[in-house]
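If you're wondering where the values come from, they're calculated on a predicted model, not measured in any experiment. Atoms within each ligand, like the ligands themselves, are counted from 1 in listed order.
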Amino acid sequence: MTPVAPLPLNDGRTIPQLGYGVFKVDAAKAADVTGQALTAGYRHVDTAKIYGNEEGVGEAVRASGLPREQVYVTTKLWNDAHAHDDAVAALEGSLERLGLEYVDLYLVHWAVPSQGQYLEAWKTLIELRDRGLATSIGVSNYPAEQLREIIEATGEAPAVHQIELHPYFQQRALRELHSEHGIVTEAWGPLGQGKSDLLENDAITSIATARGVSPAQVVLAWHIAHGIVALPKSVTPSRIVENLEAAEIELTAEEVAAIDALDRPDGRGGADPATFGQS
Ligand code: NAD
């Protein structure tokens, strides 16, 4: 089994650096593919209320035979009407669907600055952690301004910030802000979500060919080299295994630098957190 090295969090806990993402995984398939991932050796699964597959993820975790404390489960607070207002009910609903007593990490899914509830949501997550329903708490898709604001207002920095991040969109400014507060960066879309030619880029394919590994593995190894938590998604059995095995690849400083050079100002593939959800 591939070891999945844990990273320390600013709340004294740890998080496995490679997780299995289940965005766009059909509810009907979620238990099967999450079960495959756990069998392959993943010990970290990233879901969300909006993915509609919490039931299947929970079923796989419970059926895995693994002690609960050995599987790291993340879910997220969606931002539909009043959900930010009522994060307690939202997390209770997620736990019910997961069939679990607690999650390891609960994230506010998007700040949606125009809704103006991102601070309230964060304050409620602090309460939920203090009640033990979430071991660690964090946010996702918070622009720097809103991230600074919630830290200043509560004196509590999120343990994790989950953001779009891949070699074409490296988020250097946010990562620096994270370092100042001991926040672990999690990459969503770590492989670029298939929205660009990332996995055919020469800098990446040449490293892959030289090492006899796949381009996806090179990209995941780059995240790991930077201390970023990566959450690759696949429902293809061979890729589920391949992605986890990337944890064994240690890139050289030159290889990391060659991929660092791929950052692009227009590399964002998904929605902009500053404007997402604006009506
Ligand atoms: P990703 O970058 O993981 O890309 C997934 C796609 O890459 C797959 O559908 C497949 O087509 C391809 N792929 C996977 N493994 C491959 C391999 N070995 N070789 C070649 N191609 C491969 O994108 P994602 O699923 O959008 O992001 C990963 C996870 O991040 C999600 O599943 C979810 O858990 C999380 N996420 C969070 C947010 C958020 O707003 N917080 C948004 C998107 C995703």
Side-chain angles (χ1 to χ4, degrees), residues 2 15-27 29-30 33-34 36-37 40 42 44-54 56-57 72-79 103-112 118 121 138-143 147 158 160-171 174 184-201 204-205 208 213-223 228-247 249 267-277:
T2 306
I15 186 168
Q17 209 181 345
L18 253 182
Y20 179 62
V22 295
F23 180 41
K24 294 193 173 161
V25 170
D26 276 0
K29 261 192 147 176
V33 293
T34 305
Q36 287 184 43
Y42 289 81
H44 176 173
V45 186
D46 183 88
T47 184
K49 191 237 174 197
I50 197 68
Y51 301 169
N53 54 25
E54 290 174 311
V57 167
Y72 196 94
V73 179
T74 299
T75 195
K76 312 186 191 87
L77 171 67
W78 189 240
N79 38 269
V103 286
D104 297 274
L105 180 63
Y106 196 43
L107 302 175
V108 183
H109 205 143
W110 290 85
V112 196
Y118 52 87
V139 296
S140 178
N141 303 306
Y142 271 50
L147 184 60
V160 162
H161 189 193
Q162 187 179 121
I163 52 177
E164 179 183 351
L165 202 169
H166 44 76
Y168 283 170
F169 193 61
Q170 299 187 15
Q171 299 263 29
L174 263 180
V184 164
T185 305
E186 281 193 339
W188 67 252
L191 299 171
Q193 301 185 295
K195 287 181 175 172
S196 66
D197 65 355
L198 178 67
L199 300 181
E200 284 99 53
N201 184 286
I204 289 165
T205 55
V213 300
S214 73
Q217 287 179 313
V218 170
V219 171
L220 294 171
W222 172 84
H223 286 284
I228 295 164
V229 174
L231 307 164
K233 174 251 175 178
S234 178
V235 292
T236 307
S238 58
R239 286 177 170 176
I240 291 175
V241 172
E242 173 188 322
N243 292 343
L244 182 68
E245 285 175 352
I249 303 168
R268 192 193 292 282
D272 183 345
T275 50
F276 178 81

Review point. Which value, rounded to the nearest 0.5 Å, describes the distance between S234 atom OG and L191 atom CG?
Key: 9.0 Å
Point to revise | Qualifying residue, where the test is side-chain contact (heavy atoms from CB on, under 4.5 Å) with L105 and the options are K76, E186, H44 | key: E186
Review point. Considering only heavy atoms of G192, which atoms of ligand 1 have at least one such atom less than 4.0 Å away?
Key: 2 (O)
Review point. Checking side-chain contact (heavy atoms from CB on, under 4.5 Å) against H223, which of I228, L231, V229, L18 comes through?
Key: I228
Review point. Any N or O of V22 that comes nearer than 3.5 Å to an N or O of ligand 1?
Key: yes
Revision key, fill the gap. In terms of heavy-atom contacts, Y118 and A111 come closest through CB-O, 3.5 Å
**Study point:** Taking atom 29 (C) of ligand 1 as the reference point, the nearest protein heavy atom with its distance
**Key:** L231 O, 3.0 Å
Practice item. Return yes when S214 approaches ligand 1 closer than 4.0 angstrom through a heavy atom, no otherwise. Key: no
Practice item. Indicate yes or no: does an N/O atom of F23 lie under 3.5 Å from an N/O atom of ligand 1? Key: yes
Check your understanding: For atom 15 (N) of ligand 1, what is the nearest protein heavy atom, given as residue, atom name and distance?
Key -> N243 ND2, 3.1 Å
Exercise for review: Within a distance under 4.0 Å of any heavy atom of P190, pick out the atoms of ligand 1 and give their elements.
Suggested key: 1 (P), 2 (O), 3 (O), 27 (O), 28 (C)
Check your understanding: For V73, does its backbone N or O pair with a side-chain atom of D104 as donor and acceptor, under 3.5 Å?
Key -> yes
Review point. Rounded to the nearest 0.5 Å, how far does CH2 of W110 lie from CH2 of W78?
Key: 7.0 Å
Point to revise | Contacting atoms of ligand 1, where contact means under 4.0 angstrom from a heavy atom of Q162 | key: 35 (C), 36 (N), 37 (C), 38 (C), 39 (C), 41 (N)
Practice item. May I ask whether G194 places a heavy atom under 4.0 Å from ligand 1? Key: no
Practice item. Taking H161 for its side chain and G138 for its backbone only, find out whether a donor-acceptor pair lies under 3.5 Å. Key: no
Check your understanding: Counting each atom of ligand 1 from 1 as listed, which ones have a heavy atom of P232 under 4.0 Å away?
Key -> 3 (O)
Check your understanding: So between H109, Q217, R239, Q193, whose heavy atom ends up nearest atom 24 (P) of ligand 1?
Key -> Q193
Exercise for review: Check for a donor-acceptor pair, side chain of N53 on one end and backbone N or O of V25 on the other, with a separation under 3.5 Å.
Suggested key: yes
Practice item. Just jot down the ligand 1 atoms closer than 4.0 angstrom to any heavy atom of N141, in number order. Key: 39 (C), 40 (O), 41 (N)
Point to revise | Candidate with minimal heavy-atom separation from atom 6 (C) of ligand 1, of E186, E245, E164, K233 | key: K233
**Study point:** atom 42 (C) of ligand 1: the protein heavy-atom neighbour that sits closest, reported with distance to 0.1 Å
**Key:** W188 CD2, 3.2 Å
**Study point:** Short side-chain to backbone donor-acceptor contact, Y168 and G269, under 3.5 Å
**Key:** no
Point to revise | N/O donor-acceptor pair under 3.5 Å between Y42 side chain and I240 backbone | key: yes
Review point. Would you say W110 contacts ligand 1, with heavy atoms under 4.0 Å as the rule?
Key: yes
**Study point:** Polar proximity ligand 1 side, A187 side, N/O cut 3.5 Å exclusive
**Key:** no
Point to revise | Residue, atom name and distance, where the atom is the protein heavy atom closest to atom 27 (O) of ligand 1 | key: G189 N, 3.0 Å
Exercise for review: If you have a sec, work out which protein heavy atom is nearest atom 2 (O) of ligand 1 and how many Å separate them, to one decimal?
Suggested key: L191 N, 2.8 Å
Check your understanding: Any donor-acceptor pair under 3.5 Å linking the side chain of E242 with the backbone of Q217?
Key -> no
Practice item. May I ask which of D46, V45, I163, L107 has a heavy atom nearer to atom 34 (O) of ligand 1 than the others do? Key: D46
Check your understanding: Side chains of W188 and N141: do they bring a donor and an acceptor to under 3.5 Å?
Key -> yes
Check your understanding: Can you tell me if T75 and E54 form a side-chain donor-acceptor pair at under 3.5 Å?
Key -> yes
Review point. Any idea which atoms of ligand 1 are less than 4.0 Å away from a heavy-atom of L199?
Key: 20 (C), 21 (N)
Study note, to complete from the structure: If you compare A216, A230, A246 by their heavy atoms, the one closest to atom 17 (C) of ligand 1 turns out to be A216
